[in-house]
Amino acid sequence: MNQIRPLAICVFRNRDRILVAEGYDPIKDETFYRPLGGGIEFGERSQETIRRELMEEIGVKLKQDTLKYLGVVENIFTFNGSPGHEIVLIYDGALEDSGLYDQAVILGKEANGEEIRAMWKNLDDFRAGKSILYPDGLFKMLE
């Protein structure tokens with residue numbers, strides 16, 4: 001089913017680091033990183049999507065009134081051999097639990113039971129090409 005997916009993600013910028021989940025595409029043999037968030041449900045505002053997804057995926061809350069809209073990117077891609085097309089609303093925000101900023105890895109689960117490994121990655125890793133950041137266009141927005 002070829003469909004455009006509306007998504008909302010949050011970078012949680014902390015100095016020169018952002019919070020990302022690690023992903024892997026076995027067909028491309030590529031490890032990549034992507035901020036947390038997910039699909040916007042019908043009738044749900046994008047800010048609500050971020051709150052819900054963070055709670056569902058890693059069990060954490062946003063600090064009240066910290067979400068700041070950064071922009072939107074259109075992402076057309078292939079993952080695991082299948083084409084995808086997303087319109088991604090991008091936010092920055094703050095986590096309620098300040099101790100999470102010192103935690104190297106935050107573990108959680110996707111709705112399908114897949115493990116999520118969220119971690120703080122330095123923007124220099126993406127700038128130098130050591131790590132890949134998706135969606136395309138996000139890194140340019142953060143520079």
Side-chain angles (χ1 to χ4, degrees), residues 1-98 100-101 103 105-143:
M1 174 169 77
N2 290 342
Q3 208 171 320
I4 299 172
R5 283 187 67 211
L7 300 177
I9 61 175
C10 192
V11 295
F12 298 103
R13 194 166 190 165
N14 181 25
R15 294 184 299 279
D16 214 26
R17 304 179 314 160
I18 60 172
L19 185 63
V20 290
E22 188 176 69
Y24 179 70
D25 186 326
I27 291 182
K28 294 179 191 168
D29 188 26
E30 174 186 270
T31 297
F32 61 89
Y33 300 89
R34 183 181 181 107
L36 299 170
I40 301 169
E41 294 179 357
F42 184 82
E44 180 179 58
R45 299 206 177 273
S46 56
Q47 297 97 327
E48 293 165 2
T49 299
I50 291 168
R51 283 187 195 91
R52 176 182 52 76
E53 289 282 344
L54 277 172
M55 206 50 173
E56 288 173 4
E57 292 178 345
I58 59 172
V60 300
K61 290 183 179 175
L62 286 169
K63 193 179 225 177
Q64 195 68 22
D65 300 323
T66 60
L67 279 182
K68 180 179 162 229
Y69 177 72
L70 299 179
V72 65
V73 295
E74 184 171 16
N75 190 30
I76 299 172
F77 62 97
T78 302
F79 173 70
N80 209 8
S82 299
H85 189 167
E86 304 166 332
I87 305 295
V88 188
L89 283 72
I90 299 163
Y91 289 86
D92 192 0
L95 297 168
E96 190 177 80
D97 180 355
S98 60
L100 293 169
Y101 289 97
Q103 206 166 309
V105 175
I106 304 166
L107 296 177
K109 282 205 187 313
E110 286 280 6
N112 65 8
E114 249 179 72
E115 185 182 84
I116 294 172
R117 284 175 45 84
M119 62 199 64
W120 295 98
K121 288 286 279 182
N122 199 299
L123 289 172
D124 286 341
D125 290 350
F126 304 117
R127 190 176 292 117
K130 286 186 211 159
S131 298
I132 300 166
L133 180 66
Y134 288 132
D136 284 337
L138 172 59
F139 182 75
K140 187 173 237 161
M141 189 181 286
L142 297 175
E143 281 285 85

* **Derivation and outcome, side chain to side chain contact (heavy atoms under 4.5 Å, CB included), residues I106 and L100** => CA-CA 8 Å; I106 304 166; L100 293 169; 4.0 Å; yes

* To do: Would you check, one step at a time, whether the test side chain to side chain contact (heavy atoms under 4.5 Å, CB included) holds for D124 with D16?
  => CA-CA 8 Å; D124 286 341; D16 214 26; 3.7 Å; yes

* **E44 and R52: CA distance, side-chain angles, deciding distance, salt bridge (charged side-chain N to carboxylate O under 4.0 Å, His left out) verdict** => CA-CA 10 Å; E44 180 179 58; R52 176 182 52 76; 2.7 Å; yes

* **Test side chain to side chain contact (heavy atoms under 4.5 Å, CB included) applied to L19 and M119, step by step** => CA-CA 6 Å; L19 185 63; M119 62 199 64; 5.7 Å; no

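Rounding to the nearest 0.5 Å places CD of Q47 at 14.0 Å from NZ of K68. Distance check: I9 CD1 to I90 CD1 gives 4.5 Å after rounding to the nearest 0.5 Å. Here D25 contributes atom CG and N80 contributes atom CG; the two are 5.5 Å apart, rounded to the nearest 0.5 Å. N14 CG to D92 CG: the interatomic distance, rounded to the nearest 0.5 Å, is 9.5 Å. A distance of 11.0 Å separates CG of L67 from CD of E48, quoted to the nearest 0.5 Å. A distance of 9.0 Å separates CG of L36 from CG of L95, quoted to the nearest 0.5 Å.
With sequence neighbours left out, the ring-ring contact (aromatic ring centres under 6.0 Å, His included) criterion links Y134 to F32. With sequence neighbours excluded, no residue satisfies salt bridge (Lys or Arg N to Asp or Glu O under 4.0 Å) with D97. With sequence neighbours excluded, no residue satisfies side-chain hydrogen bond (donor to acceptor under 3.5 Å, both in side chains) with E115. Looking at residues two or more places apart in sequence or on another chain, you find no side-chain hydrogen bond (donor to acceptor under 3.5 Å, both in side chains) involving D65. Residues forming a ring-ring contact (aromatic ring centres under 6.0 Å, His included) with F77 (at least two apart in sequence, or on another chain): none. For the salt bridge (Lys or Arg N to Asp or Glu O under 4.0 Å) test, no residue two or more places apart in sequence or in another chain qualifies with E96. Remark: F126 engages no residue in a ring-ring contact (aromatic ring centres under 6.0 Å, His included) (not counting sequence neighbours). Remark: R34 pairs with E86 by the salt bridge (Lys or Arg N to Asp or Glu O under 4.0 Å) rule, at least two apart or across chains. Shown here are the ring-ring contact (aromatic ring centres under 6.0 Å, His included) partners of F139, two or more places apart in sequence or in another chain: there are none. In this structure E74 satisfies the side-chain hydrogen bond (donor to acceptor under 3.5 Å, both in side chains) test together with H85, sequence neighbours excluded. Residues that satisfy the side-chain hydrogen bond (donor to acceptor under 3.5 Å, both in side chains) test with D29, not counting sequence neighbours, are Y24. Listed by chain and residue number, R117 satisfy the salt bridge (Lys or Arg N to Asp or Glu O under 4.0 Å) test with E22 (two or more places apart in sequence, or in another chain).
The neighbour count for K61 NZ, taken as heavy atoms of other residues, nucleotides or ligands under 6.0 Å away, does not exceed 12. A 6.0 Å sphere centred on CZ of R45 holds no more than 12 heavy atoms belonging to other residues, nucleotides or ligands.
What you find for I58 and G108 is that their closest heavy atoms are CG2-CA, 4.1 Å. Heavy-atom minimum distance, I18 versus V11: CB-O, 3.4 Å. Between D136 and N75, the closest heavy-atom pair is N-OD1, 3.5 Å. Of all heavy-atom pairs between A8 and I40, the closest is N-CG1, 4.0 Å. Residues L138 and P35 approach most closely at CD2-CG, 3.5 Å, considering heavy atoms.
Under the side chain to side chain contact (heavy atoms under 4.5 Å, CB included) test applied with F12, the options V60, L62, V20 reduce to a single match, L62.
Using modelled atom types and a 3.5 Å distance limit, the side chains of S46 and Y91 yield a donor-acceptor pair.
Without hydrogens or angle criteria, K121 side chain to A21 main chain gives no donor-acceptor distance under 3.5 Å. N122 contributes no side-chain N or O that, together with a main-chain N or O of D125, makes up a donor-acceptor pair within less than 3.5 Å. Looking at R13, its side chain never comes within 3.5 Å of a backbone N or O of A94 through a donor-acceptor pair.
A heavy-atom distance below 4.5 Å is found between the side chains of N2 and P83.
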